[in-house]
A.B. asks: 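Structure incoming, see below.
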Amino acid sequence: RQALEEMRALYERNQADVSEAKSGRTDLIFLIRFRHCCLLRNQRCLLAYLYDRLLRIRALRWEYGSVLPNTIQFHMSAEEVEWFSRYKKSLATYMKSVGGEEGLDLTQDIKPPKSLYIEVRCLRDHGEFEIDDGTTILLKKNSQHFLPRWKCEQLIRQGVLEHILS
């Protein structure tokens, strides 16, 4: 915001000096050019900042899944939340188009798994959780389960489950 205010002030001063330079004051041309260079520098800095924020928001989709925690969403602007939502939908559409009927979830197994099943502990009550074979498991706080890694990786990232390393 400070950079935008500075840019607005520089622009207004340049506009005033341009009208004076048109009336014959050529000594202001260097000052006008200098301010213009300052404006361009600030613009580049702001664009770099915004691009970095977009990259971080995109990484949040891969880290937390399609639902962001409220603590993170609180620090995002309305435009950033909207961009996250559009990115989430675009990624979901792509994943459905790639993997056949069920689609291919690219967010699973970000790191190659060492084993297909892992032991997990439930950190908070989550309710029923269904596995591919139709088995339903009740995820209650402090309960431990031996589940397929790809089914529970998303819940681990969301903080519902904890991987127990033996």
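This chain uses plain numbering: 1 for the first residue, then up along the sequence.
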A.B. asks: Do F129 and L138 belong to the same hydrophobic cluster, where Ile, Leu, Val, Met, Phe, Trp and Tyr are linked whenever their side-chain heavy atoms lie under 4.5 Å apart, directly or via other members?
C.D. replies: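 They do not share one cluster, since no chain of ILVMFWY contacts under 4.5 Å joins F129 to L138.
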A.B. asks: What are the two closest heavy atoms between N14 and H36, and how far apart are they?
C.D. replies: ND2-N, 3.6 Å
A.B. asks: Would you check if C152 and I118 make a side-chain contact, meaning some heavy-atom pair closer than 4.5 Å?
C.D. replies: yes
A.B. asks: Treating Ile, Leu, Val, Met, Phe, Trp and Tyr as nodes and any side-chain heavy-atom pair under 4.5 angstrom as an edge, say whether V160 and I156 lie in one connected cluster.
C.D. replies: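 Yes; tracing contacts between hydrophobic side chains, which count when under 4.5 Å, links both residues.
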A.B. asks: Is there a path of hydrophobic side-chain contacts, each under 4.5 Å between heavy atoms of I/L/V/M/F/W/Y residues, joining Y87 to I57?
C.D. replies: yes
A.B. asks: Output the distance between atom CD (E119) and atom NE2 (H163), rounded to the nearest 0.5 Å.
C.D. replies: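 The NE2 atom of H163 is 8.0 Å from CD of E119, to the nearest 0.5 Å.
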A.B. asks: Do C38 and F34 have side chains that get closer than 4.5 Å, going by heavy atoms?
C.D. replies: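 The answer is yes; the side chains approach within 4.5 Å.
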A.B. asks: Looking only at heavy atoms, which two atoms of N42 and E6 are closest? And how far apart?
C.D. replies: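 Minimum heavy-atom contact is ND2-OE2, 3.3 Å.
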A.B. asks: Over all heavy atoms of both residues, which pair between H75 and T71 is shortest? Give the atoms and the distance, please.
C.D. replies: CD2-O, 3.0 Å
A.B. asks: Is it true that a side-chain atom of T93 and a backbone atom of K89 form a donor plus acceptor pair closer than 3.5 Å?
C.D. replies: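 Yes, T93 side chain to K89 backbone: donor-acceptor pair under 3.5 Å.
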A.B. asks: One thing to verify: whether R157 and E153 come together as a salt bridge, which I'm taking to mean a side-chain N less than 4.0 angstrom from a carboxylate O.
C.D. replies: yes
A.B. asks: With rounding to the nearest 0.5 angstrom, report the CD1 to CD1 distance, I131 to I137.
C.D. replies: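 With rounding to 0.5 Å, CD1 (I131) is 3.5 Å from CD1 (I137).
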A.B. asks: Just wondering, are more than 12 heavy atoms of other shown residues or ligands nearer than 6.0 Å to CG in D27?
C.D. replies: yes
A.B. asks: For C122 and K140, which heavy atoms make the closest approach, and how far apart are they?
C.D. replies: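 That closest heavy-atom pairing would be CB-O, 3.0 Å.
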A.B. asks: Decide whether Y117 and V120 are clustered together by the hydrophobic rule: side chain heavy atoms of Ile, Leu, Val, Met, Phe, Trp, Tyr closer than 4.5 Å, transitively.
C.D. replies: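 In one cluster: no.
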A.B. asks: To the nearest 0.5 angstrom, please state how far the CE atom of M7 sits from the CZ atom of R35.
C.D. replies: 14.5 Å
A.B. asks: Between R8 and E12, is there a side-chain N and carboxylate O pair less than 4.0 Å apart?
C.D. replies: no
A.B. asks: Looking at CD of E20 and CG of L31, how far apart are the two atoms once the value is rounded to the nearest 0.5 Å?
C.D. replies: 10.5 Å
A.B. asks: Going through the distances and angles, do Q43 and L40 end up as a side chain to side chain contact (heavy atoms under 4.5 Å, CB included)?
C.D. replies: CA-CA 5 Å; Q43 181 185 23; L40 292 176; 3.7 Å; yes
A.B. asks: What is the minimum heavy-atom distance between S77 and E80, and which atoms define it?
C.D. replies: N-OE1, 2.9 Å
A.B. asks: If you count the non-hydrogen atoms of other residues, nucleotides and ligands that lie under 6.0 Å from CD in E128, is the total more than 12?
C.D. replies: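 Not more than 12 within 6.0 Å, no.
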A.B. asks: Is L54 linked to L46 within one hydrophobic cluster, defined over Ile, Leu, Val, Met, Phe, Trp and Tyr using a side-chain heavy-atom separation of less than 4.5 Å?
C.D. replies: no
A.B. asks: To the nearest 0.5 Å, how far apart are CG in L10 and CD in E5?
C.D. replies: 11.5 Å
A.B. asks: Just how far is it from atom SG of C37 to atom CD1 of I32, taken to the nearest 0.5 Å?
C.D. replies: 12.0 Å
A.B. asks: Measure across L60 and F84 and return the closest heavy-atom pair with its distance rounded to 0.1 Å.
C.D. replies: C-CE1, 4.3 Å
